[in-house]
Undergrad: 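The structure under discussion is supplied below as structure tokens; questions concerning it will follow.
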Amino acid sequence: MNVPAYVVGGYVRDIFLKRPSEDIDIVVVGSGIEMANNVAKKLDDPKLSVFKNFGTAMLRCDNMEIEFVGARKESYRSDSRKPVVENGTLEDDLNRRDFTINALAIGLNKNNFGKLIDSFNGILDIEYKVIRTPLNPDTTFSDDPLRMLRAIRFAAQLNFEIDEKSFNAICKNKERISIISKERITDELNKIIMTKKPSAGFKLLLDSGLLEIIFPQLAKLKGIETVEGKKHKDNFYHSIQVLDNISEKSDDLWLRWTALVHDIAKPQTKKFDEKTGWTFHGHEVVGSRMVPQIFREMKLPANEKMKYVQKLVALHLRPIALTEETITDSAVRRLLFEAGNDIEDLLMLSVADITSKNPEKIKAYNKNFKLVKKKIKEVEEKDKLRNWQPPVTGNDIMKTFDIKPCYEVGVIKSAIREAILDGKIGNNHEEAYKFMLEKGKELGLTVKNIS
Ligand code: CTP
């Protein structure tokens, strides 16, 4: 068989970047499916999937995924992302790729085995850390507008610069992003959030004008207002700094999302008070309520991850609001009760939220934090409030007073919870049971069964 075949794209790029990669793309000047079938015959235990409609085939072996595709020449219509595909040469195939660093190929045939094909100086761009389109950027970006986000994502992931012409084309073509599905956009956004220093990607998103289109709520945080000589901080730069801070400590996508949106409601809640200056009262509550809408728009899952983000946004001021005078057992108990197992993440977020440059302020915060952490540990050990389960249940209440589910059961249950949180009674069955009897009596209930 003498059909020309080449390793192309990300795998070749990653060899030169010394990044591990498990996906290999092979371009065949001919039929990709036929080539995959022939290769599979030579392997002991081939797992081959053929996608006839796309003219591609995937071979899995060890941890590798090898995709075979015929070289293509594509042209796009301006109103759609669906290309008109024709068979083409290797050159046609490389021309239609997104960036010079991804338009590299390595020969696999006897006559050119291991030979690098670098028609657009991709290696030089890797060396100089530049993201650049192989063709006129207007063409490359309008062929597939997602590439504008990919450019920013690669720049953020690899710590590269976007070439000026390519960046200007992103600014010019930004509106075209609206033809791309939300899922694909969010995929790229998540990849940016997961980079080592995500603020770099978000600055590019803002400066290109893409942020305004794909995440308007976040773009709104940008700006500083001054009234009577008093200004507030720029909440966009603050938020991405908090995201950077948290990213140094955690690889959890959802904690990173929380950092990004923790102040999302600041524009809506902003007020200027002559005495106190700028206030953002209630921004944590309003922000927490905005999370489901943002998740819906971004096509992110509406599951416990969303609830986690909502909860942490709602609670993000609580640890820092505990000052020396207010770090009472009862305040800490309430915080533990509400944060549950996410208390460590909440504390991490609070620390990340300190972006002040004032050393005095930082020192004061840190000192206070140590105290908060110590107190939390003490209360935890004493009261066991994390993942709290009521020591007296609704069933216990109904059985004791021989009543059906009713208003009084709820009243007694919350009275027990409040008494425990306030430290009036201990977090144990005995004290809670006694308290329940008293509360029932107050409500005019008669004890029918004693346990
Ligand atoms: N590609 C492209 N335009 C796109 C997506 C992909 O030109 N919108 C090309 C690029 O040559 C890319 C290759 O297809 O290298 C494989 O794409 P993909 O697997 O999405 O990206 P990788 O470059 O492998 O990088 P990553 O896995 O980080 O997404």
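Since we're looking at a predicted model, the values are computed, not measured. Values below: every heavy atom of this structure, side chains too, minus hydrogens, waters and symmetry copies. Sequential numbering from 1 along the given sequence is applied to the chain's residues. We count ligands from 1, going down the list as the structure has it; atoms in each ligand are counted the same way.
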Undergrad: Pair Phe120, Asn95 - check side chain to side chain contact (heavy atoms under 4.5 Å, CB included), show working.
TA: CA-CA 9 Å; Phe120 304 100; Asn95 273 338; 3.0 Å; yes

Undergrad: Checking Tyr308 against Asp345: is there a side-chain donor and acceptor pair closer than 3.5 Å?
TA: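 Per modelled atom types, Asp345 and Tyr308 side chains form a pair under 3.5 Å.
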
Undergrad: Under 3.5 Å, side chain of Asn173 to main-chain N/O of Arg176, donor-acceptor pair present?
TA: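 Judged by distance alone, no pair lies under 3.5 Å.
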
Undergrad: For Arg13 and ligand 1, does the shortest N/O to N/O distance drop below 3.5 Å?
TA: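 Checking ligand 1 against Arg13, an N or O pair does fall under 3.5 Å apart.
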
Undergrad: Decide whether the shortest distance between a heavy atom of Asp25 and an atom of ligand 1 is less than 4.0 Å.
TA: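 In this structure, Asp25 qualifies as a contact of ligand 1 - some heavy atom is under 4.0 Å.
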
Undergrad: Verify whether one side chain among Ser239 and Asp263 offers a donor that lies under 3.5 Å from an acceptor in the other.
TA: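 Ser239 vs Asp263: no donor-acceptor pair found between side chains.
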
Undergrad: Look at atom 17 (O) of ligand 1 and find which of Glu65, Arg97, Glu22, Arg150 reaches it with the closest heavy atom.
TA: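 Ranked by closest heavy atom to atom 17 (O) of ligand 1, first place is Arg150.
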
Undergrad: For ligand 1, is there an N or O atom under 3.5 Å from any N or O atom of Gly10?
TA: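 Yes, at least one N or O pair falls under 3.5 Å.
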
Undergrad: Regarding Asp273 and Trp278, do their side chains bring together a donor and an acceptor under 3.5 Å, going by distance alone?
TA: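 Their side chains do not contain a donor-acceptor pair, so the 3.5 Å distance test is not met.
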
Undergrad: Yes or no, since that's all I need: does a protein heavy atom fall within a distance strictly under 4.0 Å of atom 19 (O) of ligand 1?
TA: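 Neighbour list for atom 19 (O) of ligand 1 is empty of protein heavy atoms (cut-off 4.0 Å).
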
Undergrad: Assess, by modelled atom type and distance only, whether the side chains of Asn38 and Glu34 contain a donor and an acceptor separated by less than 3.5 Å.
TA: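 Distance-only check fails for Asn38 and Glu34.
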
Undergrad: With nothing but distance in play, are any N or O atoms of Arg19 less than 3.5 Å from an N or O of ligand 1?
TA: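 Not met; the criterion fails.
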
Undergrad: Just by distance, no angles: are the side chains of Gln217 and Glu297 close enough, under 3.5 Å, to form a donor-acceptor pair?
TA: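 Result is yes, a qualifying pair exists.
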
Undergrad: What do we get for Arg147 next to ligand 1 when only non-hydrogen atoms under 4.0 Å count, side chain, backbone, both or neither?
TA: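 Near ligand 1, Arg147 shows its side chain, while the N, CA, C and O stay back.
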
Undergrad: Does the ring of Phe280 carry Lys270 above it, NZ/CZ under 6.0 angstrom from centre and within 45° of its axis?
TA: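 No, Lys270 and Phe280 do not form such a contact.
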
Undergrad: Return the option from Asp14, Asp98, Leu94 holding the heavy atom at the smallest distance from atom 2 (C) of ligand 1.
TA: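 Looking at heavy atoms only, the winner is Asp98.
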
Undergrad: Considering only heavy atoms of Lys191, which atoms of ligand 1 have at least one such atom less than 4.0 Å away?
TA: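 Within the 4.0 Å cut-off of Lys191, ligand 1 contributes 29 (O).
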
Undergrad: Would you say atom 27 (O) of ligand 1 has a protein heavy atom nearer than 4.0 Å?
TA: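 No, there is none.
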
Undergrad: Of all the atoms in ligand 1, which lie at a distance below 4.0 Å from a heavy atom belonging to Gly9?
TA: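 So the answer, numbered in order with elements, is 15 (O).
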
Undergrad: Is it true that Asp23 lies under 4.0 Å from ligand 1, counting heavy atoms only?
TA: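 False for this residue.
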
Undergrad: Is any side-chain heavy atom of Pro391 less than 4.5 Å from a side-chain heavy atom of Asn427?
TA: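 They are in side-chain contact.
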
Undergrad: Would you mind listing which atoms of ligand 1 come within a distance below 4.0 Å of any non-hydrogen atom of Asp144?
TA: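 Those qualifying, in numeric order: 4 (C), 8 (N).
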
Undergrad: Which atoms of ligand 1 have any heavy atom of Arg153 under 4.0 Å away?
TA: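 Per the distance check, 26 (P), 28 (O), 29 (O).
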
